[in-house]
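To keep things clear, I will list the structure first and then write my remarks on it.
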Amino acid sequence: MGNDRVAIRLTEVEAYGGRSDPASHAYGARTGRNEPMWAPAGTLYVYLSYGIHWCANIVVGGVGEPNAVLMRGGDIVEGRAAVERRRGRSAQLTNGPGKLGQALGITGSASGSDLWTGPVRLEGPLSSVASIERTQRIGISKAVDWPWRFVERAD
DNA sequence: CAGGTGATTACG
DNA sequence: GTAATCACCTGC
């Protein structure tokens, strides 16, 4: 019964939202699932992808603007054993939104929670902007050319 | 490369 | 009610 705490340093994210992002869950109707996207910045938005994967977003931006940042990948800083317990002993444990959600033990019940006080928390510090590479988003079928994916440069 | 998986959405 | 879509992962 060790410590269940898992800490991951984000190295890959994608932005979704804006008033007219066809790939965003906030594009079109405001529904039960995407409701947390309209919550204040610093809220967690979780959705089930392809019936299997829990993917987690950080709500950002101004009040009433449904913008979110999808957490796509990171490095395990703490709790590797706990992650392997959940994910198995794969070589690539946290390189993908579904894997990341599983590694962190996130499910839909955490959607809408506060990232400062809730079960999933965001902490600093941020990396230097100079080490961030910008590319197209992955795994979507609309607005595929929008360069809204941000990855830490390998080196 | 293909298939699994089920919530969610649009339509009527 | 039904059907289509999906911000993905794993194992051939």
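Heavy-atom basis, side chains included; hydrogens, waters and symmetry copies ignored. Within every chain, numbering begins at 1; the chains are lettered A, B, ... in the order of the sequence lines, protein sequences first and strands thereafter.
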Seminar exercise, completed: To the nearest angstrom, the CG-C1' distance between L48(A) and dG6(B) comes to 7 Å
Problem set entry | Atom CZ of R19(A) with >12 non-hydrogen neighbours under 6.0 angstrom | no
For this session: Counting heavy atoms from C-beta on, name the nucleotide in dT8(B), dC8(C), dT10(C) closest to the side chain of C55(A).
Result: dC8(C)
Exercise. Can any side-chain N or O of T43(A) pair as donor or acceptor with the backbone N or O of P40(A) at less than 3.5 Å?
Worked result: yes
For this session: Mind calculating the distance between CH2 (W54(A)) and P (dG6(B)) to the nearest angstrom?
Result: 12 Å
Problem set entry | Salt-bridge criterion met for R9(A) and E152(A) (N-O under 4.0 Å) | yes
For this session: To the nearest Å, give me how far apart CD (Q136(A)) and P (dA7(C)) are.
Result: 16 Å
Seminar exercise, completed: Closest non-hydrogen atoms of D21(A) and A143(A), given as atom of the first, atom of the second and distance, are OD1-CB, 4.0 Å
For this session: Send over the distance from M37(A) CE to dT8(B) P, rounded to a whole Å.
Result: 15 Å
Exercise. Do Q102(A) and R86(A) have a side chain donor and acceptor closer than 3.5 Å?
Worked result: no
For this session: Step by step, work out the ring-ring contact (aromatic ring centres under 6.0 Å, His included) result for Y47(A) and H25(A).
Result: CA-CA 10 Å; Y47(A) 71 95; H25(A) 287 173; 4.6 Å; yes
Exercise. For dT10(C), does OP1 or OP2 lie under 4.0 Å from any side-chain N or O of K99(A)?
Worked result: yes
Exercise. Does a donor on one side chain sit under 3.5 Å from an acceptor on the other, for S131(A) and R153(A)?
Worked result: no
Exercise. Counting N and O atoms only, with roles assigned by atom type, does the side chain of N67(A) sit under 3.5 Å from a partner on the main chain of G17(A), one being a donor and the other an acceptor?
Worked result: no
Seminar exercise, completed: Parsed dot-bracket for DNA chain C after applying the Watson-Crick and G-U rules with both distances under 3.5 Å and | for other-strand partners is ||||||.||||.
Exercise. Reckon L70(A) touches a base, only the sugar-phosphate, or nothing at all at heavy-atom distances under 4.0 Å?
Worked result: base
Problem set entry | Aromatic-base stack, Y47(A) on dA7(C), cutoff 5.5 Å, angle under 30 | no
Exercise. Starting at CG of N95(A) and ending at C1' of dT10(C), how long is that distance when rounded to a whole Å?
Worked result: 12 Å
Exercise. Of the nucleotides dG4(B), dT10(C), dA7(C), which one has an atom closest to the side chain of H53(A)?
Worked result: dG4(B)
Exercise. Can a side chain N or O of K142(A) be found less than 4.0 Å away from OP1 or OP2 on dC6(C)?
Worked result: yes
Exercise. Looking at S90(A), does any N or O in its side chain come under 4.0 Å of the phosphate oxygens OP1/OP2 on dT10(C)?
Worked result: no
Exercise. OP1 or OP2 of dA7(C) sitting under 4.0 Å from any side-chain N/O of H25(A)?
Worked result: yes
Seminar exercise, completed: Closest of dA10(B), dA7(C), dC6(C) to the N57(A) side chain is dA7(C)
For this session: Whole angstrom is fine here: how far is it from CZ in R89(A) over to C1' in dC9(C)?
Result: 20 Å
Exercise. M71(A) CE to dC8(C) P: how many Å, rounded?
Worked result: 14 Å
Problem set entry | R72(A) vs dC8(C): side-chain N/O to OP1/OP2 distance below 4.0 Å | yes
Exercise. Taking the side chain of I52(A) as heavy atoms from C-beta outward, which of dT8(B), dT5(B), dT10(C) is closest to it?
Worked result: dT5(B)
Exercise. To the nearest angstrom, how far is R137(A) atom CZ from dC6(C) atom P?
Worked result: 13 Å
